[in-house]
There are 2 protein chains.
Amino acid sequence: MAKISDIAKQAGVSTATVSHVLNNTRYVSQELRARVEQAARELGYRPNLVARSLRLKRTRTLGFIVSDIRSPFYSEVARAVEDQASSFGYNVIVCNSDENYTRELAYIETLISKRIDGLILAPTLGEHGFLKEVAKFWFPVLLINRRLDGSGLPCISTDNRTGAYEAITHLIRAGHRRIGAIGGLAALSTTADRLEGYQVALREAGLPIREDLIWLGRPTVEEGQRASEKLLSLESPPTALFAFSTMLTLGVLAALKSRNLRCPEDVAFVGFSDTLWCPFTDPPLTTVAQPAREVGLKACTLLLDVLHGKPLPDETYLIPPTLIHRRSCGCP
Amino acid sequence: MAKISDIAKQAGVSTATVSHVLNNTRYVSQELRARVEQAARELGYRPNLVARSLRLKRTRTLGFIVSDIRSPFYSEVARAVEDQASSFGYNVIVCNSDENYTRELAYIETLISKRIDGLILAPTLGEHGFLKEVAKFWFPVLLINRRLDGSGLPCISTDNRTGAYEAITHLIRAGHRRIGAIGGLAALSTTADRLEGYQVALREAGLPIREDLIWLGRPTVEEGQRASEKLLSLESPPTALFAFSTMLTLGVLAALKSRNLRCPEDVAFVGFSDTLWCPFTDPPLTTVAQPAREVGLKACTLLLDVLHGKPLPDETYLIPPTLIHRRSCGCP
DNA sequence: TTGAAAGCGCTAACAC
DNA sequence: GTGTTAGCGCTTTCAA
């Protein structure tokens with residue numbers, strides 16, 4: 001664990017000179033430069049970034065808090081964030097909030113204490129007023145996926161409204177008039193936006209918005225299955241279903257299977273979030289593909305911009321998703 | 001950004017007292033304790049863990065390097081590691097090596113400089129002799145998933161040999177005598193172990209090991225598809241296929257689909273790594289489910305044990321996988 | 001062109 | 001019971 005003063009001694013120069021050689025931060029003669037470099041090599045020197053961080057008041061470390069890194073969407077975002085961050089010399093600490101407000105808060109406290117340079121956050125439900133303080137006092141905060149209206153915090157997100165609108169419009173064009181919607185927690189902006197897209201599409205087509213065709217709740221496979229069963233048991237059941245997330249999609253598939261319903265012949269289906277598996281399910285799934293990589297890249301790029309002096313934007317950036325046509329929607 | 005000396009001033013005590021109150025590290029009278037706590041609250045004090053780390057020579061931060069966090073296996077491992085780490089007050093920096101030795105090396109350098117307390121690593125291919133030095137000089141290193149034979153580094157891994165053995169034995173019992181194997185890079189211990197399990201199962205059943213039924217290569221969907229096409233084009237093609245990874249499994253499915261082969265009627269199939277989607281593919285997939293969570297938990301637990309003073313084991317821990325029976329293997 | 005030394009915020013040995 | 005202070009390893013101002 002050689003330190004700068006060890007190198008200085010061995011090379012017969014001052015610590016200032018060593019530091020300047022190592023960081024290329026002021027002119028040093030060839031002679032001394034060579035001696036310093038050799039000494040550093042001989043001693044197996046590795047700069048201590050902890051000391052450097054203390055001195056410079058920046059850690060080149062970012063925080064990344066999402067509900068669960070196992071989600072295909074968030075792991076893709078995480079990958080993009082890490083790619084971008086590492087290419088600029090930053091590392092990222094990954095945290096799983098599990099949709100738990102208290103856990104999220106605890107992570108934020110820790111990250112403050114660790115003096116991260118910036119935070120990318122998919123907030124849980126709950127009062128997030130304190131984030132304004134965090135952003136003002138500690139480090140820039142960039143939201144992903146979920147807006148926090150009125151917080152003034154910038155957010156990078158899929159254009160959920162448009163995504164849902166296009167999915168539903170597609171089903172309507174194929175002749176469906178009763179389309180069930182199975183969504184996540186109503187209080188999340190993602191759910192609200194997708195629901196809005198669903199409603200606008202119906203309205204524009206002159207179709208009624210039937211509350212009994214809409215189910216919102218916890219986005220798990222089991223709940224999705226239960227929700228599907230419920231909608232499909234209505235006296236005039238939907239001829240098509242639209243699920244807002246991967247877990248709910250799996251729930252729908254389970255329900256169709258357990259009822260021996262053929263898709264798309266008996267019930268058409270469109271999901272939200274494309275994955276590698278979607279082409280291989282029975283039937284291949286039509287989905288709204290979320291631009292996860294773009295969201296991560298944009299969020300991290302903006303964050304790094306701010307760290308390099310640009311002003312924090314207060315806008316929401318919506319990135320358009322893509323409707324991927326496969327068999328489950330029943331179109332040619 | 002109040003610091004300890006600010007609190008000391010405000011509370012009219014020494015910095016030592018403040019530190020001891022904050023860390024509960026020596027007796028302080030109720031009186032002073034209360035004054036310190038109030039001052040800390042009033043000033044919105046957050047301990048500076050960078051300074052603390054410099055002083056204590058530990059950061060309560062772990063490194064986690066895998067090829068790609070998007071992989072269902074690694075993201076599950078990451079989640080388990082993070083759960084365990086955070087419950088002990090540690091954070092984890094996640095890095096994606098992309099199977100690139102140079103990238104992996106660069107990350108390790110950075111993590112050394114950041115003075116992480118320990119590293120969990122799924123090594124890429126390449127000479128890893130330097131890891132012994134790292135482990136000796138800087139921090140404990142725990143391998144996951146891939147052994148580095150002769151390195152003396154402990155490894156937590158799926159019992160790949162047994163997993164493959166059981167899958168193949170299952171197919172043999174169902175009457176298959178020509179079973180194709182589609183695996184990843186030959187130099188990886190995971191590939192070698194799974195191949196060994198495949199071979200041992202055949203040998204025990206008195207079946208020949210035909211080299212033309214074995215394909216090893218880059219584990220991508222495209223390569224998996226190409227490999228399947230090749231095996232299925234043999235004059236006496238395999239009646240069952242065994243794929244070593246998720247990507248290769250998707251490739252097999254693509255090949256079966258493009259050739260209009262029914263599974264399991266025309267070709268039976270077993271994959272490695274279970275995912276949420278496996279019950280919903282066409283047909284539902286029989287797979288060897290990897291104990292990803294257990295691997296992550298065990299790795300992190302061992303690492304934390306070492307950090308708390310226990311000696312680093314030099315063993316390899318193999319965690320048994322589970323064969324999950326679904327339709328694709330063609331058994332009742 | 002280079003060096004001496006202060007100071008980033010914290011802990012803890014030592015002194016009282 | 002509490003306080004003084006050195007020092008963790010680095011950067012950078014100031015001086016020469």
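For A/R55 and C/dC10, the CZ to P distance is 16 Å, given to the nearest whole Å. Straight-line distance from the CG atom of A/D6 to the C1' atom of D/dC8: 13 Å, rounded to whole Å. Protein atom CD1 of B/I4 is 6 Å distant from nucleotide atom C1' of C/dC10, rounded to whole Å. To the nearest angstrom, P of C/dG9 lies 14 Å from CG of B/L49. Following rounding to the nearest Å, A/R33 (CZ) and C/dG3 (P) show an atom-to-atom distance of 14 Å. Rounding to whole angstrom units, CD of residue B/E31 and P of D/dG3 are separated by 11 Å. The CE atom of B/M1 sits 10 Å away from the C1' atom of C/dC8 (whole-angstrom rounding). We find that CZ of B/R58 is positioned 14 Å from C1' of C/dA12, with the value rounded to whole Å.
The residue B/V28 sits close only to the backbone: its heavy atoms come under 4.0 Å of sugar-phosphate atoms, none of a base. Among the heavy atoms of the strands lying under 4.0 Å from A/L32 are primed sugar atoms or P, OP1, OP2 only; no base atom is included. Among the heavy atoms of the strands lying under 4.0 Å from B/V13 are primed sugar atoms or P, OP1, OP2 only; no base atom is included.
In this structure, of C/dA5, D/dG1, D/dG7, it is D/dG1 that holds the atom nearest to the side chain of B/Y27. Nearest nucleotide to the A/A51 side chain, out of C/dG9, D/dT2, D/dC10: D/dC10. Which of C/dT11, D/dT11, C/dC10 sits closest to the side chain of B/K3 comes down to C/dC10.
Under 3.5 Å, the side chain of B/T15 and the base of D/dT5 form at least one donor-acceptor pair of N or O atoms.
Distances shorter than 4.0 Å separate some side-chain N or O of A/N23 from OP1 or OP2 on D/dT11. For D/dT4, neither phosphate oxygen OP1 nor OP2 lies less than 4.0 angstrom from any side-chain nitrogen or oxygen of B/S14. Within the structure, a side-chain polar atom (N or O) of B/K57 is placed less than 4.0 Å from OP1 or OP2 of D/dG9. For C/dT11, the OP1/OP2 oxygens have a side-chain nitrogen or oxygen of B/S19 closer than 4.0 Å.
Looking at which nucleotide of DNA chain C each of B/R52 and B/R26 is closest to, the 5′-most match is held by B/R52. Where B/L56 and A/L56 meet DNA chain D, the nucleotide closest to each residue was compared, and B/L56 sits on the side nearer the 5' end.
B/Y107 and A/N91 share no side-chain donor-acceptor pair at under 3.5 Å. Between the side chains of B/K114 and A/T61, at least one donor N or O lies within less than 3.5 Å of an accepting N or O. A/N160 and A/R147 are not linked by any side-chain donor-acceptor pair at a separation below 3.5 angstrom, with hydrogens and angles left out of the test.
A salt bridge links B/E99 to B/R146: at least one charged side-chain nitrogen sits closer than 4.0 Å to a carboxylate oxygen. Ion pairing between a basic and an acidic side chain is recognised when a charged N comes within 4.0 Å of a carboxylate O; B/R79 and A/D98 show such pairing.
Across all their heavy atoms, A/Y101 and A/L125 have their closest contact at CD1-O, 3.5 Å.
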